[in-house]
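Quick note on labels: first sequence line is chain A, next is B, and so on, each numbered from 1. What's counted below: heavy atoms across the whole structure, side chains too, no hydrogens, waters or symmetry copies.
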There are 2 protein chains.
Amino acid sequence: MPTKPEKKRRPATLADVAQMAGVSIATASKALNGRSQVKAETRARVFAAAEQLKFSPNAMAQNLISGRSGTIGLVTHDLEGRFSIPTLMGAEDAAGNGRTSVLLCDARGDALREKYHVQTLLGRRIDGLIVVGARPDPRPSLGPLPVPVVYAYAPSENPHDTSIVTDNRLGGRQAAEHMLACGRRRIALITGDSDYGAAHDRVDGAREVLDAAGAEIVQGDALYGAWSEEWGRTAAGLVVAQHPDIDGIICGSDQIARGVLDTLRETGRKVPDDVAVTGHDNWEILALNARPQLTSIDMRLEELGRQAAALLFDAIGGRADEGVHVVAPRLIPRASTGPRVA
Amino acid sequence: MPTKPEKKRRPATLADVAQMAGVSIATASKALNGRSQVKAETRARVFAAAEQLKFSPNAMAQNLISGRSGTIGLVTHDLEGRFSIPTLMGAEDAAGNGRTSVLLCDARGDALREKYHVQTLLGRRIDGLIVVGARPDPRPSLGPLPVPVVYAYAPSENPHDTSIVTDNRLGGRQAAEHMLACGRRRIALITGDSDYGAAHDRVDGAREVLDAAGAEIVQGDALYGAWSEEWGRTAAGLVVAQHPDIDGIICGSDQIARGVLDTLRETGRKVPDDVAVTGHDNWEILALNARPQLTSIDMRLEELGRQAAALLFDAIGGRADEGVHVVAPRLIPRASTGPRVA
DNA sequence: TTGTAAGCGTTATCAC
DNA sequence: GTGATAACGCTTACAA
């Protein structure tokens with residue numbers, strides 16, 4: 001039987017509990033906090049009273065004394081986006097397991113809004129701050145703050161800050177090594193916006209591996225375009241027309257890979273029999289629904305967020321670890337890659 | 001020139017400011033808070049001191065006095081997911097514009113974890129709580145809490161709670177009306193998991209409109225399956241085979257619509273010339289990359305989040321508005337629908 | 001116009 | 001074992 005939510009009432013204070021238990025405030029506090037200088041029977045009375053009054057200690061008062069808020073700030077720059085969310089999740093996870101809560105702010109890529117939020121958070125006496133970027137390129141430092149800061153996903157430009165990012169070059173290497181392991185030798189690189197450092201890093205990683213193995217990069221270089229299916233379709237059309245003997249395509253994102261797969265299917269190539277395809281990001285909604293399912297590089301963003309939080313807690317504990325840390329991605333093999341079938 | 005982040009130091013207190021300005025704490029407080037009983041010159045001195053010491057008032061102390069934390073809790077059940085994020089964004093937006101901050105917790109669909117987080121948040125003396133569900137079906141109420149609660153996206157089972165949800169039935173109506181406006185008369189409904197109330201609501205809305213117009217629903221009923229492209233492809237194959245004269249397909253999600261579009265293209269149907277297709281959710285990554293771009297129902301989740309926050313602030317202000325509120329979705333027309341071309 | 005002092009809800013340090 | 005009492009940093013009557 002549904003009941004109306006109860007009227008708001010002033011939450012019980014320690015004084016209320018003490019009075020009901022017939023002890024002093026000090027004793028009540030000791031009893032509830034497990035201090036050992038309390039008679040068992042007294043303790044029981046206090047607990048009973050607390051229970052009955054649904055007493056929950058006022059964290060604001062506790063924090064005022066301890067000087068710490070038990071809270072960390074999390075400023076994100078693209079709450080909408082694909083990349084900041086898992087990072088945020090990981091951080092929330094790592095924090096929630098301890099006894100710290102997360103104050104979330106969305107700055108939407110706006111430096112002014114960011115400044116404002118940071119100011120507010122500092123007023124709330126956060127114990128530390130994580131700044132999650134929207135894209136992996138370096139960003140300006142917030143400068144010296146009274147609390148530790150960790151930059152996640154997008155590193156700070158200042159090498160003395162603590163940052164943690166995904167290893168894009170390694171991601172590129174992993175894709176290329178997988179292609180070689182599948183016996184591919186004539187490989188195209190199709191990636192997104194050339195403005196993104198990440199696009200170049202991934203290409204560089206792949207190139208290192210392919211060059212070392214003496215495999216061919218068709219066109220001699222990667223094709224830069226946009227992070228879209230449309231570009232994937234277009235680029236794949238170009239590549240296939242000019243290099244009919246191509247046997248592998250490494251894509252800079254899963255979206256691009258989806259477009260590439262469409263074009264390959266529609267031009268009569270079999271994946272992976274004729275051409276193997278890898279994506280990047282392991283965005284499951286795209287990768288798992290692809291035909292065939294898409295092999296992709298997973299950046300382990302959630303792990304990145306967790307480590308960001310861990311670095312922050314270390315720094316709060318006085319063991320700051322400055323510099324840029326990296327999280328190794330991993331390749332998730334699926335049906336879009338495999339041995340050649342001549 | 002990069003510099004090391006400054007050493008942590010005890011933040012300046014009002015007492016520090018007062019001392020530096022050569023006034024009492026009370027005067028410093030009044031000066032900074034714009035109280036009118038302070039000589040202009042004194043105020044200036046205080047401000048100068050505050051500036052120099054980078055003073056920022058300790059929110060914990062202020063809140064302890066005011067009895068409010070200036071903070072709301074936001075418990076989400078699917079930080080990973082597509083639906084809770086925009087809702088969360090809207091709420092964060094609405095809160096951030098005022099002077100309240102958001103404490104974020106992810107409960108991951110686990111009632112126990114939820115309970116735990118709510119308890120923590122209550123200890124922090126949040127002024128109110130928003131609970132964001134993972135799917136639109138009703139969920140158990142948290143029961144009476146000492147602060148107002150708003151359930152967003154997933155309504156509470158208790159009609160005396162305050163909930164806000166998207167209007168799925170209206171979404172179905174909008175899709176159907178659009179089909180009729182495009183001159184379509186033989187329409188298939190392909191949707192997802194039959195366990196979801198939302199799937200049925202959308203179908204019911206569409207059926208109302210189609211029946212009233214005397215249009216045909218092929219197969220007599222919707223085809224329920226999964227929220228996946230795969231199911232969209234399969235279902236479209238069935239429908240097209242059995243009803244070659246079909247001229248419209250209303251899909252329960254954009255993913256399904258993507259699959260439907262693929263099958264239509266591959267069986268030689270032109271979209272929208274032969275068959276018009278609508279999706280649901282307006283998930284841009286899918287809708288904008290579709291061929292052709294997908295007409296879809298946008299649930300305006302960000303608006304939903306904003307309104308959730310607004311309802312919460314109303315309730316905090318004593319003007320609770322219990323019951324289930326709805327946000328009207330809207331149809332975003334794109335190239336996958338249009339007039340028939342015989 | 002400024003300063004003194006009480007108090008917000010805790011915890012910690014003492015005496016008793 | 002227990003209970004005054006002083007903090008924590010701030011706001012706000014109330015006095016001066």
Side-chain angles (χ1 to χ4, degrees), chain A residues 9-47 49-50 53-71 99 120 122-127 146-147, chain B residues 9-47 49-50 53-71 99 120 122-127 146-147:
Chain A
R9 221 183 335 171
R10 187 182 126 283
T13 76
L14 190 55
D16 300 331
V17 175
Q19 183 174 29
M20 170 172 277
V23 297
S24 74
I25 296 185
T27 306
S29 172
K30 287 171 196 153
L32 291 173
N33 290 313
R35 294 277 169 286
S36 53
Q37 327 133 336
V38 177
K39 188 158 54 166
E41 187 245 316
T42 313
R43 189 186 303 274
R45 272 213 325 283
V46 172
F47 266 91
L53 294 171
K54 290 192 205 314
F55 170 76
S56 126
N58 186 326
M60 295 188 297
Q62 295 180 310
N63 295 333
L64 186 55
I65 292 171
S66 70
R68 332 189 107 203
S69 64
T71 271
R99 41 185 73 350
T120 308
L122 289 177
R124 290 191 184 280
R125 295 299 185 268
I126 50 171
D127 299 331
V147 297
Chain B
R9 218 183 335 170
R10 186 181 128 286
T13 76
L14 190 54
D16 299 332
V17 174
Q19 183 174 30
M20 172 172 276
V23 297
S24 74
I25 297 185
T27 305
S29 172
K30 288 171 198 155
L32 291 174
N33 291 312
R35 294 278 171 283
S36 53
Q37 328 131 336
V38 176
K39 187 159 54 166
E41 187 246 315
T42 313
R43 188 187 305 275
R45 270 210 329 280
V46 173
F47 265 92
L53 294 172
K54 289 192 206 313
F55 170 76
S56 124
N58 186 326
M60 295 188 299
Q62 295 179 310
N63 296 332
L64 186 55
I65 293 170
S66 70
R68 327 187 113 203
S69 63
T71 272
R99 40 185 67 2
T120 308
L122 289 178
R124 290 190 185 279
R125 295 298 186 268
I126 50 171
D127 299 331
V147 296

**Request:** Please list every stem that involves DNA chain D, where a stem is a run of 3 or more consecutive Watson-Crick or G-U wobble pairs with both pairing distances under 3.5 Å.
**Result:** C:1-16 with D:1-16

**Message:** Whole angstroms only, please: what is the CG-P distance between A:Leu32 and C:dA12?
**Reply:** 13 Å

**Request:** For A:Arg125 and A:Thr71, indicate whether the former's side chain and the latter's backbone hold a donor-acceptor pair under 3.5 Å.
**Result:** no

**Message:** Rounded to whole Å, how long is the line connecting atom CZ of B:Arg124 with atom P of C:dT10?
**Reply:** 15 Å

**Asked** Taking C-beta and beyond as the side chain, do A:Val38 and A:Val46 meet within less than 4.5 Å on heavy atoms?
**Response** no

**Asked** Are B:Asn58 and B:Thr13 side-chain neighbours, meaning at least one heavy-atom pair lies under 4.5 Å?
**Response** no

**Prompt:** Are more than 12 heavy atoms from other residues, nucleotides or ligands located less than 6.0 Å from atom CD of B:Gln62?
**Reply:** yes

**Message:** Can you measure A:Leu53 atom CG to C:dG9 atom C1' for me and round it to whole angstrom units?
**Reply:** 15 Å

**Fill in**
In B/S/- notation (B base, S sugar-phosphate only, - none; protein heavy atoms under 4.0 Å), nucleotides 5-15 of chain D written 5' to 3' is ---BBBBB---

**Expected output: side-chain A:Arg43 to main-chain A:Arg35 donor-acceptor under 3.5 Å** = yes

**Item:** Minimum side-chain heavy-atom gap B:Arg124-B:Ser69 below 4.5 Å
**Value:** no

**Message:** Under 4.0 Å, counting only non-hydrogen atoms across every strand here, what does A:Thr42 touch: a base, just sugar-phosphate, or nothing?
**Reply:** sugar-phosphate

**Request:** Just grab all the side-chain hydrogen bond (donor to acceptor under 3.5 Å, both in side chains) pairs involving residues 22-31 of chain A, residues at least two apart or on different chains.
**Result:** A:Ser24-A:Thr27, A:Ser29-A:Asn33

**Asked** Tell me, do B:Leu122 and A:Lys54 make a side-chain contact under 4.5 Å, heavy atoms counted?
**Response** no

